[in-house]
Amino acid sequence: QRPVRRLLSYPGTVAADLRREEQPAGSAETGSEDRTPKKRFCEVQSERREQAQRTVLIHCPSKISEKRFLKYLSQHGPINNHFFYESFGLYAVVEFHQKESVASLQSVTRTPSLGAEAAIPFRSRYFSLKLKNPSNQTSGQPSVQCSNQSSPASRKLFDLLCCAENVDDQLNTLTKELQLTEENTRLRHLTCSLIEDVAAAYFPDCAIRPFGSSVNSFGKLGCDLDMFLDLDDIGKFSAHKASGNFLMEFQVKNVPSERIASQKILSVIGECLDHFGPGCVGVQKILNARCPLVRFSHQASGFQCDLTTNNRIALRSSELLYIYGALDSRVRALVFTVRCWARAHSLTSSIPGAWITNFSLTIMVIFFLQRRSPPILPTLDYLKTLADAEDKCIIEGHNCTFVRDLNKIKPSGNTETLELLLKEFFEYFGNFAFNKNSINIRQGKEQNKPESSPLHIQNPFETSLNISKNVSQSQLQKFVDLARESAWILHQEDKGRPSPSGNQPWGLAALLLPSVANGVSLAKKKKPASERIKNLLESIKSGPENSTNTNGKR
Ligand code: GTP
Ligand code: MG
């Protein structure tokens with residue numbers, strides 16, 4: 001049987017992933033020694049998009065012969081890759097070698113007759129396979145092996161951490177266990193591509209592009225799928241310059257502002273997904289948010305999706321994070337760890353509110369790594385100086401230029417261990433002058449806070465904005481208390497090393513335990529009730545409609 005592959009989905013190609021998989025555990029994940037040329041973000045994204053367009057999603061009967069299934073599908077052309085997964089039923093993701101095979105499969109597919117109900121006919125790439133003779137097909141066949149799409153249970157993760165050799169090994173293990181797998185990455189791109197098919201009913205030349213943690217290399221299994229509707233290709237001038245005296249323009253419908261245009265577009269796409277999108281359920285149109293969005297669940301993939309339009313700056317932020325994540329393997333290990341630590345102590349939440357976001361935590365880690373001596377990561381201003389003419393990028397008047405070719409950036413000479421960095425991270429932010437300083441990855445230095453929000457993290461591209469404006473004083477205090485306590489735990493001799501008896505949580509495992517918050521919960525108890533009520537009100541106030549904290553759409 002085909003083994004379930006847990007590939008490292010990042011960065012770049014499947015071939016690169018396979019090469020890495022062959023290396024001894026951990027070696028591809030530690031240190032900055034991996035010097036294989038790295039692909040540009042846009043190359044990875046266009047390869048993934050093209051791959052997704054040759055791919056189909058099939059809901060299968062629970063007992064199926066893999067061999068016969070593949071033989072049947074191969075009638076439509078050679079298959080490059082496939083995998084099965086479970087999500088309220090058995091599903092197969094099948095990548096054909098050619099796009100034509102998808103059309104061929106669609107041409108022999110029928111619309112179901114549903115008896116009393118009526119179907120809305122839509123030729124999607126999401127199929128349902130029925131067996132003509134179930135008993136005959138499955139006799140004696142083993143059922144297929146499924147690839148896992150969710151993050152490991154806390155217990156399992158905890159045990160793995162306790163078995164690690166040292167703290168560095170713990171951080172690398174955590175990253176390996178939580179990161180998106182090759183299969184999950186494919187499923188994310190396929191989901192965008194399936195949504196694109198629906199949106200194309202209105203806008204034939206549109207693209208649905210994933211952004212955020214699905215593509216920035218910091219995604220954890222189970223994270224949401226952020227996507228945006230890109231209509232730039234429709235708006236672009238034709239390549240052929242108009243000659244002569246005439247200038248042709250499309251007849252368009254005018255609306256008073258860009259925002260209203262986005263709301264109208266998302267409104268119809270939301271309707272379309274709700275009425276015609278196979279597997280799209282719970283469609284919510286959140287059009288009054290600062291950045292309007294449509295939120296829905298894609299049932300078959302299990303992804304919670306957030307669809308926006310015109311989100312080029314967020315895509316650019318994703319590319320920047322991708323670059324930072326690829327420069328040194330310690331970056332991802334530290335980001336995954338800090339995000340997981342924050343989640344374990346309820347510093348972050350899936351509900352928008354006064355809490356810190358994963359995006360802000362990532363920027364804090366990047367900033368901290370820029371402050372090391374020698375720095376582990378370069379500043380954004382430095383990445384701008386490495387840019388050439390074709391990297392130039394201005395979006396809505398904001399200069400978003402930085403070098404896109406990763407191979408032009410010199411690796412850091414810093415050799416600090418992950419253990420030291422984690423300790424120092426907690427110490428650094430446990431003692432940071434949040435009351436007067438702002439975090440700024442553009443310059444890699446603290447700046448005076450331009451406004452009075454408790455936590456000020458400059459938006460890297462829209463520099464007058466604060467990405468953590470939503471964070472309340474009490475949430476910041478909770479972060480600081482936990483950071484101090486975690487630094488203290490890591491400094492304790494006996495907590496930093498595997499316990500001789502093997503039954504005491506140590507290192508990172510000790511940091512993730514709720515008991516770590518004991519001191520903090522004491523601190524919390526000391527807080528007046530009024531503060532706790534204020535905090536609660538703040539989080540209720542910032543529901544999805546008026547939140548500044550949802551998915552970068554502000
Ligand atoms: P997850 O928590 O794993 O979903 O991380 P994420 O990075 O995907 O965060 P989220 O879904 O909240 O936001 C998606 C993307 O929007 C981020 O990666 C950023 O690029 C961008 N983003 C998020 N928050 C902000 C913000 O406050 N300001 C700006 N400008 N962009 C943001
Ligand atoms: Mg996200």
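One is the number of the first residue; the rest follow in order along the sequence. The structure presented is a predicted model; accordingly, all values stated were derived computationally and were not measured.
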No-hydrogen, no-angle side-chain donor-acceptor test under 3.5 Å, Thr175 and Asn172: no
- request: Using the salt bridge (Lys or Arg N to Asp or Glu O under 4.0 Å) rule, take Glu50 and Lys99 through it: C-alpha gap first, then chi angles, then the decisive distance, then the call.
  value: CA-CA 9 Å; Glu50 191 273 329; Lys99 211 170 161 181; over 6 Å; no
message: Would you say the rings of Phe425 and Phe368 are close, in the sense that their centroids are separated by under 6.0 Å?
response: yes
Residue that, paired with Leu307, satisfies side-chain contact (heavy atoms from CB on, under 4.5 Å) out of Ile269, Val283, Leu225, Leu293: Ile269
query: Do His59 and Tyr91 make the cut of ring centroids closer than 6.0 angstrom?
result: yes
query: Does the side chain of Lys156 come within less than 4.5 Å of Leu160's, by heavy atoms?
result: yes
- request: Consider only side-chain N and O atoms of Ser193 and Arg125, and report whether a donor and an acceptor are under 3.5 Å apart.
  value: yes
message: Side chains of Leu418 and Val167, heavy atoms from C-beta outward: is any pair under 4.5 Å?
response: no
message: Counting C-beta onward and ignoring hydrogens, is there a side-chain heavy-atom pair between Phe402 and Ile323 closer than 4.5 Å?
response: yes
query: Does a side chain donor of either His76 or Ser101 reach within less than 3.5 Å of an acceptor in the other side chain?
result: no
message: Check this for me, if you would: do Asp405 and Lys38 make a salt bridge, where the nitrogen-to-carboxylate-oxygen distance has to be below 4.0 angstrom?
response: no
Nearest heavy-atom neighbours spanning Pro210 and Leu315: O-CD1, 3.6 Å
query: Should Asn80 and Glu95 be marked as a side-chain hydrogen bond (donor to acceptor under 3.5 Å, both in side chains) after you check the CA-CA gap, both sets of side-chain angles, and the distance that decides it?
result: CA-CA 6 Å; Asn80 274 4; Glu95 178 204 333; 2.9 Å; yes
message: Run the side-chain hydrogen bond (donor to acceptor under 3.5 Å, both in side chains) test on His82 and Glu66 for me, step by step, so that the C-alpha distance in whole Å, both residues' side-chain angles and the decisive distance to 0.1 Å come before the verdict.
response: CA-CA 10 Å; His82 77 283; Glu66 183 167 2; 2.7 Å; yes
message: Tell me whether Arg40 is salt-bridged to Glu47, with the criterion being a basic N under 4.0 Å from an acidic carboxylate O.
response: no
Heavy-atom donor-acceptor pair, Arg295 side chain to Gly282 backbone, under 3.5 Å: no
message: I want to check something: taking the side chain as every heavy atom from C-beta on, are Ile366 and Leu369 in contact at a cut-off of under 4.5 Å?
response: no
field: Arg48 side chain to Gln51 side chain, donor-acceptor N/O pair below 3.5 angstrom
entry: yes
message: With a 4.0 Å cut-off on N to O distance, would you call Glu396 and Arg312 a salt bridge?
response: no
- prompt: Are the ring centres of Tyr324 and Phe218 closer than 6.0 Å?
  reply: no
task: Please assess Lys408 against Asp388 for the test salt bridge (Lys or Arg N to Asp or Glu O under 4.0 Å), listing each intermediate value before the final yes or no.
output: CA-CA 11 Å; Lys408 285 192 191 160; Asp388 56 26; 2.9 Å; yes
query: Is there a donor-acceptor contact under 3.5 Å linking the side chains of Thr362 and Arg339?
result: yes
task: State plainly whether the residues Glu196 and Arg209 are in salt-bridge range, i.e. N to O under 4.0 Å.
output: no
field: Side-chain touch Ser87/Gln299, heavy atoms, less than 4.5 angstrom
entry: no
field: Close side-chain approach of Ile395 to Phe461, heavy-atom, < 4.5 Å
entry: no
- request: Mark yes or no for whether Thr357, through its side chain, and Ser360, through its backbone, hold a donor-acceptor pair below 3.5 Å.
  value: yes
query: Is Arg186 positioned over the aromatic face of Phe83, cation under 6.0 angstrom from the ring centre and no more than 45 degrees off axis?
result: no
